[in-house]
Amino acid sequence: MLDKTFSPKDVEGRIYALWQDSGAFRAGRRSDAEPFAIMIPPPNITGRLHIGHALNNTLQDMLARFERMRGKDVLWQPGTDHAGIATQLIVERQLAERQMSRIGLGREKFLAEIWKWKAESGGAITEQLRRLGASADWSRERFTMDEGLSRAVVKVFVELYRQGLIYKDKRLVNWDPRLQTAVSDLEVENIEIKGHLWHIRYPIDDMPGTFITVATTRPETMLGDSAVAVHPGDARYKKLVGRMAVLPLTGRLIPIIADEYSDPEKGTGAVKITPAHDFNDFEVGKRHGLAMINILNKDGTLNNDVPAPYRGLSREAARKKIVADLDAAGLLDHVESIVHSVPHDEKTRTVVLEPLLTEQWYLNVEPLAAKAIAAVEKGETKFVPDNWTNVFFGWLRNIRPWCISRQLWWGHQIPVWYDADGKIYCAESEDEARAQAGGKDLTRDPDVLDTWFSSALWPFSTLGWPDKTPELARFYPTSVLVTGFDIIFFWVARMMMMGTHFMGDVPFRTVLIHNRVLDEQGAKMSKTKGNVVDPLVLIDEFGADALRFTLALAAGQNRDMRIGPTRVEAGRNFGTKLWNAARFCEMNGCVTVPGFDPASVKQTVNQWIVAETARAAADVTAALEALRSNEAAAAAYHFVWDVFCDWYLEFAKPLFNGTDEAVKAETRATAAWTRDQIVKLLHPFMPFITEELWALTTPAKRETLLIEAEWPKLASLPKSETAVAEMHWVIDLIKGVRSVRSEMNVPAGAKTTLVLTSALAETQARLSRNRGVIETLARLNEAKTGSTIPAGSAQFVIGEAVAALPLGDVIDFAKERARLEKELKKAEDEIARFDAKLSNEQFVSRAPEEVLTEQRERRAEAASLAARLREAVQRLA
RNA sequence: GGGCGCGUAGCUCAGCGGCAGAGCACUACCUUGACAUGGUAGGGGUCACAGGUUCGAUCCCUGUCGCGCCCACCA
């Protein structure tokens with residue numbers, strides 16, 4: 001006997017172990033079946049499962065389990081990402097606690113420390129994915145710095161280098177002064193802050209008392225100015241072009257140049273040019289051959305190329321001092337308060353990034369982007385929902401070189417060596433490089449690659465590339481990529497580029513973009529706000545199934561979804577409902593009957609539930625195929641709760657308590673069959689509870705659902721239209737009687753007699769066929785047909801029949817009359833509406849026939865209702 | 001500046017040409033032999049606003065307002 005409620009925490013661990021031992025998660029179990037592959041977006045090894053991961057992996061697991069049950073050979077490839085910056089920072093912080101430092105240890109020992117940390121703590125996130133129920137093939141788990149994946153990274157780098165797509169260049173890059181590394185354009189977070197626009201007067205050389213005024217938000221950069229630019233057509237400055245300005249505080253002479261870049265409308269129309277510290281100025285500087293004066297050290301302090309008083313100052317301190325000094329010199333024209341956006345690091349959003357002139361490795365992604373664009377244009381990869389396609393195109397069509405080098409230690413070290421003259425040798429190994437160099441002593445480039453470089457290879461590097469493995473042949477291109485829109489540029493686009501370039505085919509056929517998860521108040525979750533909804537806490541409280549079902553139901557087209565305890569509670573309640581329905585079946589001896597043929601049932605109610613089950617299965621299947629998890633979950637929910645529990649099991653009660661053994665047996669078998677279909681349909685969403693029910697409901701013959709159960713394919717079952725119509729009639733009748741009873745304030749315990757007056761033989765037959773359930777569910781002591789209404793009764797239309805309920809003294813006449821009048825008014829309004837519609841010539845001539853018929857029928861119903869209400873009102877009066 | 005998304009019940013959201021829906025919250029009643037993590041009945045809506053297309057618009061088109069996001073620029 002099943003317990004009264006399902007207790008997730010007592011069974012989830014056991015069931016997960018059972019699954020893993022069964023080997024059912026493994027890819028390649030069905031070598032003759034159609035392959036289906038999903039690559040997990042590898043979570044950072046530093047990560048803890050957050051609600052976004054929970055959603056992402058719930059959707060992947062849902063698809064993996066669905067396709068597995070459909071008989072496909074499923075590969076769900078798990079793994080983790082080495083997360084260069086995040087991991088290095090964590091270990092550095094831990095070292096600091098032990099009074100040690102990265103620099104002190106040196107590269108080799110520091111990396112050993114990270115590997116040690118990874119061995120101890122790096123597996124946390126995958127353990128947490130298991131708690132969610134993730135059915136990934138853990139035997140194939142990969143890490144972006146595994147030997148094999150690293151080999152892929154080196155191979156890709158070397159090939160791209162030889163193709164001339166990777167090159168070294170000295171130009172401005174976004175520099176993080178705290179981490180002291182370059183970052184890519186994508187890693188820059190522009191944040192709007194309140195700032196100032198300082199207007200500074202630069203004296204003109206040889207023209208005492210004449211100034212040219214420039215405006216800047218970063219006054220400290222003036223120390224690196226090489227020119228002042230004005231627009232060639234700007235009459236105000238025409239006579240100054242070609243003269244020199246005296247750069248305040250330095251005394252340096254800089255030219256006043258004419259360049260289209262200067263916008264006469266903006267600021268003063270004259271703009272200071274700092275080629276080493278501004279992306280636009282860099283271009284201007286190149287055009288005019290200006291000096292590139294770098295004034296910053298790698299840590300953001302001012303270097304020795306500035307006047308002595310400012311050397312070594314932080315950017316903030318330098319700014320203050322420079323403004324004060326300019327003011328003292330009378331060169332500060334005025335200060336304006338403005339709001340402008342300032343580049344910050346994306347991780348902490350606290351460090352202001354600086355454009356800095358450094359030498360970095362770049363990947364010319366343009367030719368790769370062209371291939372990725374072409375593949376999507378040809379429909380080789382589709383985005384769901386497809387509006388993301390344009391976002392993807394938009395970025396790739398305006399793509400700029402990707403800065404791929406990072407001044408970190410943790411990551412894939414760049415496979416480039418230099419000889420004493422600085423000549424570059426790019427090779428797959430040091431030996432190969434040395435051979436190229438003719439045996440010279442070489443030093444390796446100290447930098448590592450952007451973490452996303454290795455992630456971009458994930459769909460094929462995890463399958464063994466560059467080796468031609470059987471897995472690669474079988475599972476590439478993968479079937480679906482499930483991810484959030486925030487990494488379309490970082491990851492999806494780059495996988496598309498690398499995949500099309502190196503594999504000659506797209507990495508995935510479909511990209512399912514899901515929403516971002518917010519807290520219950522709609523705020524972005526962040527640790528500082530303390531509003532992080534921890535999925536593990538939710539799992540502890542409500543169970544993994546509850547969380548998964550809630551997430552599946554909430555996932556949709558909307559940009560954001562809000563998740564919190566109250567929604568997960570509803571998911572848990574659904575699990576309890578399912579559990580108790582199964583328990584009810586068990587109590588009534590519903591046991592799975594081997595060889596049961598659902599098409600053979602004779603009872604109307606059983607024919608009906610078989611047809612409804614088939615429809616639910618079709619709905620869930622169609623929704624899952626279309627990757628619409630919310631529709632799939634909703635269809636299953638509705639069927640289980642509103643159809644199976646609320647009506648079918650209630651109809652079954654009088655049958656189970658009846659005396660007709662044949663009917664009882666058929667109903668038991670049908671109920672057990674339906675329960676089994678439900679358990680299978682819900683398994684992709686709620687794997688634990690369904691597995692438990694699969695085992696417990698008929699312990700004798702079951703293995704695990706995971707291995708045994710096939711996805712319900714019920715399309716060939718009879719539609720049983722007559723049975724369905726009859727049950728709908730019964731349901732409407734019962735609802736009507738309940739409503740009337742409630743309105744009439746019939747005391748809860750009291751039973752009443754229902755007299756159905758109908759001239760239709762069919763109605764009378766239906767009533768007599770279903771008398772048992774109608775009497776039970778409508779709490780009647782008698783239901784009978786007749787054409788006369790007993791004295792002292794009121795009559796109510798229920799469907800096409802009329803219920804005449806004995807009134808006795810339980811009715812509040814005045815209230816009843818008011819209610820009836822209200823109803824009558826409603827019905828009359830409705831008639832008027834339909835009449836207006838039906839007398840509209842255009843409507844009648846153009847609307848499809850079935851719409852017309854439907855509208856006429858509804859009009860007739862309303863009219864009949866109105867007539868009866870009118871009569872009832874008169875009777876009460 | 002360019003682009004995208006969203007305004008539907010008190011709240012969170014589905015629906016997207018032909019009865020306006022769910023969950024939570026609310027009201028009343030019900031501890032009935034599966035389930036109070038439940039049941040029954042109910043209240044609550046100018047589907048943001050204005051035009052247009054259509055026989056018919058919450059749904060399609062145009063515009064307006066409001067909210068959010070992305071990209072670019074920022075002297």
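Proteins come first, then strands; the chains are lettered A, B, ... in the order of their sequence lines, and each starts at number 1. On a predicted model such as this, the values are computed, not experimentally measured, just so you know.
B:A14 sits 15 Å from B:G7 when the C1' atoms are compared, rounded to a whole Å. Across the C1' atoms, B:G39 and B:C35 are found 9 Å apart, a figure rounded to whole Å. If you take atom C1' in B:U27 and the same atom in B:A9, they sit 15 Å apart, rounded to whole Å. Rounded to whole Å, the C1' atom of B:G18 lies 24 Å from the corresponding atom of B:C13. Separating the P atom of B:G21 from that of B:G44 is a span of 14 Å, rounded to the nearest Å. Taking atom P in both B:A22 and B:U64, the straight-line distance is 36 Å, to the nearest Å. Distance noted for atom C1' between B:G52 and B:U12: 33 Å (whole Å). Comparing the P positions of B:C24 and B:C67 gives an interatomic distance of 32 Å, to the nearest angstrom.
Not one N or O on the side chain of A:Asp333 forms a donor-acceptor pair closer than 3.5 Å with the backbone of A:Ile200. In this structure, A:Asp234 contributes its side chain and A:Arg236 its backbone to a donor-acceptor pair below 3.5 Å. Side-chain N or O atoms of A:His288 include none that pairs as donor or acceptor with a backbone N or O of A:Leu290 at under 3.5 Å. A:Glu586 places a side-chain N or O within donor-acceptor distance of the main-chain N or O of A:Leu2, the cut-off being under 3.5 Å. Using modelled atom types, no side-chain atom of A:Arg287 and backbone atom of A:Asp259 make a donor-acceptor pair closer than 3.5 Å. For A:Arg583 (side chain) and A:Leu578 (main-chain N/O), no donor-acceptor pair under 3.5 Å exists by modelled atom type.
A ring-centre distance under 6.0 Å is not found for A:Tyr202 and A:Phe211. Taking the six-membered ring for Trp and the full ring otherwise, the centers of A:Phe6 and A:Trp579 sit less than 6.0 Å from each other.
Counting any heavy atom pair closer than 4.0 Å across all strands shown, A:Asn398 reaches no nucleic acid atom. Among the atoms of the strands shown, none is found under 4.0 Å from any heavy atom of A:Phe549. Within the nucleic acid shown, A:Val271 comes within 4.0 Å of at least one base atom, counting heavy atoms only.
Residue order along RNA chain B, read from the 5' end via each residue's closest nucleotide, puts A:Leu186 first among A:Arg218 and A:Leu186. For the pair A:Val188 and A:Ile338, nearest-nucleotide mapping onto RNA chain B gives the more 5' position to A:Val188.
Within the 4.0 Å cut-off from OP1 or OP2 of B:A75, at least one side-chain nitrogen or oxygen of A:Thr217 is found. Taking only side-chain nitrogens and oxygens, A:Arg400 comes nearer than 4.0 Å to OP1 or OP2 of B:A72.
In this structure, the CG atom of A:Leu777 is 15 Å from the C1' atom of B:A41, given to the nearest Å. As a whole-Å value, the separation of A:Asp619 CG from B:G15 P is 15 Å. Going from atom CZ of A:Phe279 over to atom C1' of B:A75 covers 17 Å, rounded to whole Å. A:Asn190 has its CG atom 14 Å from the P atom of B:C69, to the nearest Å. The NE2-P distance, from A:His340 to B:A75, rounds to 9 Å in whole Å. The interatomic distance linking A:Lys266 (NZ) with B:G1 (P) rounds to 12 Å, in whole Å. One atom, CG of A:Asn630, and another, P of B:U12, lie 18 Å apart when rounded to the nearest Å. Straight-line distance from the CG atom of A:Asn515 to the P atom of B:A14: 8 Å, rounded to whole Å.
Where RNA chain B pairs in unbroken runs of 3 or more (Watson-Crick or G-U, both distances under 3.5 Å), the stems are B:1-7 with B:65-71, B:10-13 with B:21-24, B:26-30 with B:38-42, B:48-52 with B:60-64.
Under the 6.0 Å distance and 45° angle rule, A:Arg494 counts as a cation-pi partner of A:Trp402. A cation-pi arrangement, defined by a distance under 6.0 Å to the six-membered ring centre and an angle within 45 degrees of its axis, is present between A:Lys653 and A:Phe584.
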(request) Do nucleotides 33-40 of chain B as a string where each nucleotide becomes B, S or -: B if the base has a protein heavy atom under 4.0 Å, S if just the sugar-phosphate does, - if no protein is that close. (result) -BBSBSSS

(request) Would you sort out whether A:Arg572 and A:Glu569 count as a salt bridge (charged side-chain N to carboxylate O under 4.0 Å, His left out), showing the intermediate values? (result) CA-CA 5 Å; A:Arg572 188 270 319 265; A:Glu569 190 177 3; 3.5 Å; yes

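Taking 4.0 Å as the cut-off between side-chain N and carboxylate O, A:Asp540 and A:Lys9 do not count as a salt-bridged pair.
Side-chain polar atoms of A:Thr659 and A:Lys664 form no donor-acceptor pair below 3.5 angstrom.
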Which pairs, protein N/O on one side and nucleotides 18-23 of chain B N/O on the other, fall under 3.5 Å?
from, atom 1, to, atom 2, distance (Å)
B:C19, OP1, A:Arg858, NH1, 2.8

